[in-house]
Amino acid sequence: MIKKVDHIGIAVADLQKALKLYEETLGIKCAGVEEVAEQKVRTAFLPVGDTEIELLESTDPTSTVARFIEKRGEGIHHIALRVDDIKTALEKMKAAGIRLLDEVPRPGAGGARIAFLHPKDTGGVLIELIERG
Ligand code: CMX
C-alpha cells in the first residue's frame, strides 16, 4: 500500500532563516514555496534524492503548526507516506482501529490529496497519507 516516503515535514519558526540553513549550509535547493491557506501554513519543498523535506511555517497563531512549536519546539512534525489510492488506504486504517484526523482526504500543497492519522494511534508519529495526481 505504501509506495515511498513522500516527504518529511519539519516545523520551523522562521521560514527564511530555515531556508538559509537548508540551502546555504546544507546545499539543498528549494523547489518552491506555497501557502496552504486551509492549514494556515507556508511550506517550502526541498527535494532530496527520491524524497523531499517540507519546511512548515505557521501563518496564524492558532494553526496546528504554531501550537506544535509552542508545546514541543521546532523539529520533525510529520512523515508523509505516498499511496496510490488514499480512499482505500483510509478505509484500511479505520478498520485497523486508527483514528482518522481526516475522514475525507483534503487538498494539500502541489495539488495532492492528503489525510492525517492520529499520532496517539501511530506510536507518537503524526503520519500523513498522500496521493498525488
Ligand atoms: N507529532 C506527534 N505528536 C503530536 C503532534 C505531532 N506533530 N502534534 C501533537 N501531538 C501530540 C501532542 O503532544 C499531544 O500529546 P499529549 O496529550 O501526550 O501531550 C497530543 O498529540 C494532542 O495534541 P494537542 O496539542 O493537545 O492537540 P492539537 O489540538 O494540537 O492536535 C493533532 C494534535 C495531531 C490532532 C493536530 O495537530 C492535527 O490535526 N494535525 C493534522 C493536521 C496538521 O498537522 N496540519 C499541518 C501540516 C499541513 C501540511 O503539511 O500541509
Side-chain angles (χ1 to χ4, degrees):
M1 186 181 83
I2 306 299
K3 299 301 172 190
K4 61 180 281 197
V5 175
D6 185 90
H7 63 265
I8 296 171
I10 300 177
V12 301
D14 181 332
L15 189 58
Q16 285 317 314
K17 196 171 155 205
L19 276 172
K20 239 172 130 54
L21 167 73
Y22 281 88
E23 290 203 291
E24 289 176 23
T25 311
L26 290 165
I28 308 170
K29 205 169 157 12
C30 175
V33 176
E34 185 176 334
E35 190 158 333
V36 184
E38 199 202 346
Q39 291 293 306
K40 299 176 183 154
V41 290
R42 190 172 298 114
T43 66
F45 281 90
L46 299 100
V48 185
D50 193 29
T51 189
E52 288 185 342
I53 289 173
E54 177 189 25
L55 302 177
L56 295 156
E57 177 193 60
S58 168
T59 55
D60 186 288
T62 62
S63 72
T64 51
V65 168
R67 281 205 306 271
F68 176 86
I69 291 179
E70 204 178 289
K71 265 193 157 176
R72 301 162 67 121
E74 293 181 292
I76 294 181
H77 178 264
H78 67 268
I79 293 182
L81 302 175
R82 175 95 61 92
V83 295
D84 282 337
D85 179 352
I86 195 166
K87 196 168 165 286
T88 304
L90 286 174
E91 281 164 10
K92 275 191 189 171
M93 295 303 103
K94 194 171 183 176
I98 294 172
R99 272 170 290 170
L100 309 181
L101 293 169
D102 303 286
E103 290 276 341
V104 177
R106 54 191 164 82
R113 298 171 75 212
I114 65 170
F116 286 87
L117 309 179
H118 203 294
K120 289 289 170 198
D121 294 342
T122 51
V125 177
L126 178 59
I127 292 177
E128 171 187 336
L129 298 178
I130 177 166
E131 178 190 312
R132 294 199 183 269

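Atoms within each ligand, like the ligands themselves, are counted from 1 in listed order. Worth knowing before you read on, the calculation uses all heavy atoms, side chains too, and leaves out hydrogens, waters and symmetry mates.
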- Message: Below a 4.0 angstrom heavy-atom separation, can you tell me which part of Arg67, side chain or backbone, both or neither, approaches ligand 1?
- Response: side chain
- Message: Please report whether atom 25 (O) of ligand 1 has a protein non-hydrogen atom at a separation of less than 4.0 Å.
- Response: yes
- Test item: protein heavy atom less than 4.0 Å from atom 35 (C) of ligand 1: yes
- Evaluating non-hydrogen atoms only, which member of Thr43, Val65, Ile127, Leu101 is closest to atom 40 (N) of ligand 1? Leu101
- Message: If you take the nearest heavy atom of each of Thr64, Leu56, Leu126, which one is closest to atom 37 (O) of ligand 1?
- Response: Thr64
Which residue and heavy atom of the protein sit nearest [atom], plus the separation:
atom: atom 4 (C) of ligand 1; answer: Arg72 NH1, 3.4 Å
atom: atom 50 (O) of ligand 1; answer: His78 CE1, 3.4 Å
atom: atom 2 (C) of ligand 1; answer: Gly124 O, 3.2 Å
atom: atom 7 (N) of ligand 1; answer: His77 O, 2.9 Å
atom: atom 8 (N) of ligand 1; answer: Phe68 CD1, 3.9 Å
atom: atom 48 (C) of ligand 1; answer: Gln39 OE1, 3.4 Å
atom: atom 41 (C) of ligand 1; answer: Phe116 CG, 3.6 Å
atom: atom 14 (C) of ligand 1; answer: Lys120 CE, 4.1 Å

- Query: Do Lys71 and ligand 1 have an N or O pair less than 3.5 Å apart?
  - Reply: yes
- Query: Counting both backbone and side chain atoms, is some N or O of Arg106 under 3.5 Å from an N or O of ligand 1?
  - Reply: no
- Message: So, using side chain to side chain contact (heavy atoms under 4.5 Å, CB included) as the criterion, who are the partners of Lys40 when residues are at least two apart?
- Response: Thr59, Asp60, Thr62, Ser63
- Query: Ignoring hydrogens and geometry, is there a side-chain-to-backbone donor-acceptor pair from Asp121 to Arg99 under 3.5 Å?
  - Reply: yes
- Within the side chain of Glu52, is there an N or O that forms a donor-acceptor pair under 3.5 Å with the backbone of Pro47? no
- ILVMFWY network linking Val41 to Ile79, side-chain heavy atoms under 4.5 angstrom: no
- Evaluate the side-chain proximity of Leu15 to Val33: yes if any heavy-atom separation is below 4.5 Å, no if none is. yes
- Query: Would you say Arg82 and Glu131 make side-chain contact, with heavy atoms under 4.5 Å?
  - Reply: no
- Message: Which of the numbered atoms in ligand 1 are under 4.0 angstrom from any heavy atom belonging to Pro119?
- Response: 2 (C), 3 (N), 4 (C), 34 (C)
- Near Glu54, which atoms of ligand 1 are under 4.0 Å from a heavy atom of that residue? 50 (O)
- Query: Above 12 or not: heavy atoms from other molecules or residues under 6.0 Å from CD1 of Ile76?
  - Reply: no
- Message: Counting only heavy atoms from other residues, nucleotides and ligands, does the tally under 6.0 Å from NZ of Lys4 exceed 12?
- Response: yes
- Message: Between Glu103 and Lys94 (salt bridge meaning N to carboxylate O under 4.0 Å), is one present in this structure?
- Response: yes
- Is there a heavy atom of Gly108 sitting under 4.0 angstrom from any atom of ligand 1? no
- Message: Under the side chain to side chain contact (heavy atoms under 4.5 Å, CB included) test against Leu46, which residue among Leu19, Leu26, Thr51 passes?
- Response: Leu19
